Amino acid sequence: KLTDAITNQLYIVFDKPNIYVEHIKQGFLLPCFCVRCVRTEEKVCLANRYKLFNKIEITYFPTKNYNINDECNKILNSLYDNFFMLNFEKGLIKGENMEGFIEKDVLKFFVEYNFYVFKKENIDKMQKLYV
């Protein structure tokens with residue numbers, strides 16, 4: 001799963017930070033990351049080959065101190081460096097269209113991971129339709 005690969009990378013790069021992948025309720029621990037998939041798309045390429053498009057948002061909530069911009073800029077630079085290539089399933093996938101900004105003392109970082117998948121079950125269904 002893509003979000004697992006991203007949280008694993010955050011866990012390694014930032015030395016075991018607090019990471020949330022579900023809805024954040026009040027009382028979450030700072031500093032922390034929140035990871036969510038904000039857009040997905042699937043396109044048929046050829047028979048049972050599909051291209052999956054995934055836009056991921058990584059939000060960083062810094063500690064409340066006097067140098068929030070410095071902290072967020074350091075995190076942002078590290079996100080660019082460490083999410084260009086991501087270990088996923090059987091290899092590496094390339095991050096594309098990376099974008100980051102600080103808004104209201106919160107860092108938002110977006111990255112897209114697009115890859116191809118092979119769906120065997122669709123071939124089986126198609127063969128049954130044409131028999």
Side-chain angles (χ1 to χ4, degrees):
K1 188 170 157 181
L2 186 57
T3 54
D4 291 340
I6 292 168
T7 57
N8 287 340
Q9 183 78 348
L10 287 170
Y11 195 76
I12 293 166
V13 170
F14 295 103
D15 194 30
K16 303 175 185 171
N18 296 312
I19 302 171
Y20 299 91
V21 292
E22 297 295 327
H23 180 70
I24 298 178
K25 297 178 181 175
Q26 289 183 342
F28 58 92
L29 301 173
L30 295 176
C32 68
F33 290 94
C34 177
V35 178
R36 67 188 187 117
C37 185
V38 293
R39 184 181 58 86
T40 62
E41 187 178 347
E42 181 179 283
K43 291 187 177 180
V44 178
C45 292
L46 181 63
N48 59 337
R49 290 182 181 90
Y50 293 79
K51 186 165 186 182
L52 300 180
F53 300 86
N54 303 279
K55 185 170 186 174
I56 304 296
E57 177 185 355
I58 300 173
T59 305
Y60 176 71
F61 297 92
T63 53
K64 300 291 183 196
N65 59 29
Y66 63 92
N67 60 351
I68 287 175
N69 283 337
D70 287 342
E71 181 181 352
C72 286
N73 282 320
K74 286 178 187 174
I75 296 293
L76 181 59
N77 288 334
S78 188
L79 289 169
Y80 277 114
D81 291 342
N82 291 287
F83 285 84
F84 178 69
M85 297 299 282
L86 181 68
N87 282 316
F88 181 63
E89 293 181 354
K90 297 178 183 174
L92 295 171
I93 56 174
K94 182 181 168 198
E96 299 177 15
N97 301 320
M98 293 189 280
E99 173 187 21
F101 57 89
I102 301 167
E103 182 177 73
K104 297 180 182 175
D105 295 335
V106 172
L107 169 65
K108 293 201 178 251
F109 178 75
F110 296 90
V111 59
E112 293 178 16
Y113 292 106
N114 308 318
F115 49 91
Y116 294 92
V117 294
F118 174 82
K119 294 187 177 185
K120 183 182 180 316
E121 66 275 3
N122 288 356
I123 286 292
D124 295 339
K125 288 177 187 176
M126 288 172 65
Q127 287 173 343
K128 289 178 185 176
L129 288 174
Y130 293 108
V131 174

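Since the structure is predicted, the reported quantities are computational estimates derived from the model, not experimental observations.
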For V21 and C34: C-alpha separation, side-chain torsions, deciding distance, then whether side chain to side chain contact (heavy atoms under 4.5 Å, CB included) applies. CA-CA 6 Å; V21 292; C34 177; over 6 Å; no
Verify same cluster id: [X], [Y] (apolar side-chain graph, 4.5 Å):
{"X": "I68", "Y": "I58", "result": "no"}
{"X": "F101", "Y": "Y80", "result": "no"}
{"X": "F53", "Y": "F84", "result": "no"}

Quick one: does [X]'s side chain get under 4.5 Å of [Y]'s, heavy atoms only?
{"X": "I56", "Y": "L2", "answer": "yes"}
{"X": "Y116", "Y": "Y50", "answer": "no"}
{"X": "I6", "Y": "F83", "answer": "yes"}
{"X": "E96", "Y": "V111", "answer": "no"}
{"X": "F61", "Y": "F28", "answer": "yes"}
{"X": "N54", "Y": "F115", "answer": "yes"}
{"X": "F110", "Y": "K55", "answer": "yes"}
{"X": "T63", "Y": "E71", "answer": "yes"}

SB check E57 K108 (cutoff 4.0 Å): yes
Atom NZ of residue position K51 - does it have more than 12 heavy atoms of other residues, nucleotides or ligands inside 6.0 Å?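 Yes, the 6.0 Å shell around NZ holds more than 12 heavy atoms from other groups.
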Under 6.0 Å from the CZ atom of R49, do we count more than 12 heavy atoms belonging to anything else shown? no
Between F33 and F14, is the gap from one ring center to the other below 6.0 Å? yes
Roughly how far, to the nearest 0.5 Å, is the [atom2] atom of [Y] from the [atom1] atom of [X]?
{"X": "D81", "Y": "M98", "atom1": "CG", "atom2": "CE", "answer": "8.5 Å"}
{"X": "N87", "Y": "L92", "atom1": "CG", "atom2": "CG", "answer": "5.0 Å"}
{"X": "Q9", "Y": "I19", "atom1": "CD", "atom2": "CD1", "answer": "10.5 Å"}
{"X": "L30", "Y": "N18", "atom1": "CG", "atom2": "CG", "answer": "8.5 Å"}
{"X": "F118", "Y": "C45", "atom1": "CZ", "atom2": "SG", "answer": "13.0 Å"}
{"X": "N67", "Y": "N73", "atom1": "CG", "atom2": "CG", "answer": "10.5 Å"}

Quick one, E41 with K43, criterion salt bridge (charged side-chain N to carboxylate O under 4.0 Å, His left out). Give me CA distance, side-chain angles, the key distance, then yes/no. CA-CA 7 Å; E41 187 178 347; K43 291 187 177 180; 3.6 Å; yes
Nearest non-hydrogen partners of [X] and [Y], listed with the distance:
{"X": "P31", "Y": "Y60", "value": "CB-OH, 3.2 Å"}
{"X": "I102", "Y": "C72", "value": "CD1-CB, 3.4 Å"}
{"X": "A5", "Y": "L86", "value": "O-CD1, 3.7 Å"}
{"X": "E89", "Y": "K1", "value": "OE2-N, 4.4 Å"}

Is a donor on one side and an acceptor on the other found under 3.5 Å between the side chain of S78 and the backbone of K74? no
